[in-house]
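First comes the structure, then the notes that go with it.
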Protein chains: 2
Amino acid sequence: MTEQDTTLALAPRLAEELRDKLIAGELKPGQRLSEAALSVGMDVSRNSLREAFRLLTKEGLLRHEHNRGVFVATPSVASIIDIYRVRRTIECQALAKAYPNHPAVARMRLAVERARAARSDKDWGTVGSQNMVFHAAIVDLADSQRLNAFYAQIAAELRLSFGLLADPELLHAPYVDLNAAIVEKLEAGMTAEASAALEAYLTQSERTVLAAFSRIDERNPSGK
Amino acid sequence: MTEQDTTLALAPRLAEELRDKLIAGELKPGQRLSEAALSVGMDVSRNSLREAFRLLTKEGLLRHEHNRGVFVATPSVASIIDIYRVRRTIECQALAKAYPNHPAVARMRLAVERARAARSDKDWGTVGSQNMVFHAAIVDLADSQRLNAFYAQIAAELRLSFGLLADPELLHAPYVDLNAAIVEKLEAGMTAEASAALEAYLTQSERTVLAAFSRIDERNPSGK
DNA sequence: CAAATAAAATCGTTGAACAATCTTGACATA
DNA sequence: TATGTCAAGATTGTTCAACGATTTTATTTG
């Protein structure tokens, strides 16, 4: 009974598989993805693979150049700034307008607690993924499927950038307690304060990521 | 020199062509799009058409059912509520954080003036499209490519819903002056007031659309 | 008239083919 | 040596034909 009953379409499955590899860093920014090579590697036809490419291109994880092929998207300072702008717009508003009994609040708290436990174990991978869960839950406060889907996409793009950065401790550890403060303010009904705290959080996080990114980028300007 | 030098890829062109037909109402909600029929009708291969279908499905304009084909998305009360939730989140925040000298402000004003001119001519189509321009300009205040792209998608979905509604005068005419008031507040640096006015606008517009939509929907519950 | 079954249509996916375009490398020229 | 030309070679863009899988329609049967 562990198998999938509903045979999902092939292209979305391929896209998911590729997305995982992109986020895991198995496929590196700037790298070209050969249709011929990948289609035999993944044991599917070129046509099916091209459908998957189109999906991931639309998500911003791949870049498509006509008659030249698809490449893993190369994060840039501009894209990071853009992504944080999106996050501030959506997350802060979701938090400001949230009502404190929303089911997503429980998920926020749970993510905070799990992140704290992982932090004591120095399990930075889990700290990072619980941080993602926390922010996805914030967006979920707005009760909008479309915002959720859009945010998932933005988060995947951001994780592509994170892949370039070396130090997950620096990247995620400092924010566990800030997250805790946010959820506490929210639970207390202080949505405006929670939102303000989140904005400060995001600004600080953006600065950290940009600084780390610039250090990489100036050594290796074109992302090869 | 009027021709396109860069031969654009086929799939995006097909997607654009279909998108236009969807928004124009040539393809009706719930209608099934046969791969075989459409591919001969548009004189392209089934494979290319399928790539275009994937794009439009990801945009929310088409719905894909495994082994059954693609259908024109059927707007629902839930989808309209969701779309307006997105609009309030993004547009109000963009306006609240805007700075009044942003180039998009000029476009907002221009759209208002054109809409007013069109209103005196009772050219409701232009009134509607200038209204779309106005709101796209608001989102542009946030200076984010990703928000712009996302909003364009949401707007297309909303226009699909509008296609079902009969009366463009009722739908757009009352909002020309509200738009004017918003741009004036913004130009005066009163971003908070502009944002509040927009929120009231959107709530009222949502109510109008939902009311009109329910009248249609109860006569024709499952969209043909 | 309902249920079961057979036939037809449609989608899902593959593989091969060929045109269009880009890349590479050899070669000639200044 | 540096540079520009030009012909392979490789890769993408697109089409076509085929066939298994699934759904829909039509037919038969009880």
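Numbers restart at 1 for each chain; the letters A, B, ... are given by sequence-line order, proteins then strands.
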Residue Asn67(A), side-chain heavy atoms: nucleotide from dT13(C), dT14(D), dC22(C) that is nearest:
dC22(C)
Got a sec: does the CZ of Arg159(A) have more than 12 other heavy atoms crowding it under 6.0 Å?
no
Check every atom of dG12(C), dA16(C), dG13(D) against the side chain of Asn47(A) and return the nucleotide holding the closest atom.
dA16(C)
With respect to His172(B), which candidate in Trp124(B), Phe162(B), Tyr201(B) satisfies the ring-ring contact (aromatic ring centres under 6.0 Å, His included) definition?
Phe162(B)
Grab the CG-P distance between Leu8(A) and dT13(C) for me, whole Å please.
10 Å
Rounded distance in Å - CD (Glu35(B)) to P (dA9(C)):
17 Å
For dT12(D) and Arg32(A) - does any side-chain N or O of the residue sit under 4.0 Å from the phosphate oxygens OP1/OP2?
yes
Does dG12(C) have OP1 or OP2 sitting under 4.0 Å from an N or O in the side chain of Arg50(B)?
yes
Hey, does the side chain of Ser48(A) come within less than 4.0 Å of dG12(C)'s phosphate (OP1/OP2), counting only N and O?
no
Hey, does Phe150(B) have a side-chain heavy atom less than 4.5 Å from the side chain of Val86(B)?
yes
When you compare the side chain of Glu113(A) with that of Gln130(A), does any pair of heavy atoms fall below 4.5 Å?
no
Roughly, in whole Å, what's the span from CG in Leu38(B) to C1' in dC11(C)?
14 Å
Return the value, rounded to whole Å, for the distance between atom NE2 of His66(B) and atom P of dT23(D).
8 Å
On DNA chain C, check which nucleotide each of Leu10(A) and Arg46(A) is closest to and give me the residue with the more 5' one.
Leu10(A)
Using atom CG of Leu49(A) as one end and atom C1' of dT11(D) as the other, report the distance to the nearest whole Å.
14 Å
So, is His64(B) near the phosphate of dG12(C), with a side-chain N or O under 4.0 Å from OP1 or OP2?
yes
Specify the separation, in whole Å, of atom CD of Glu51(A) and atom P of dC11(C).
13 Å
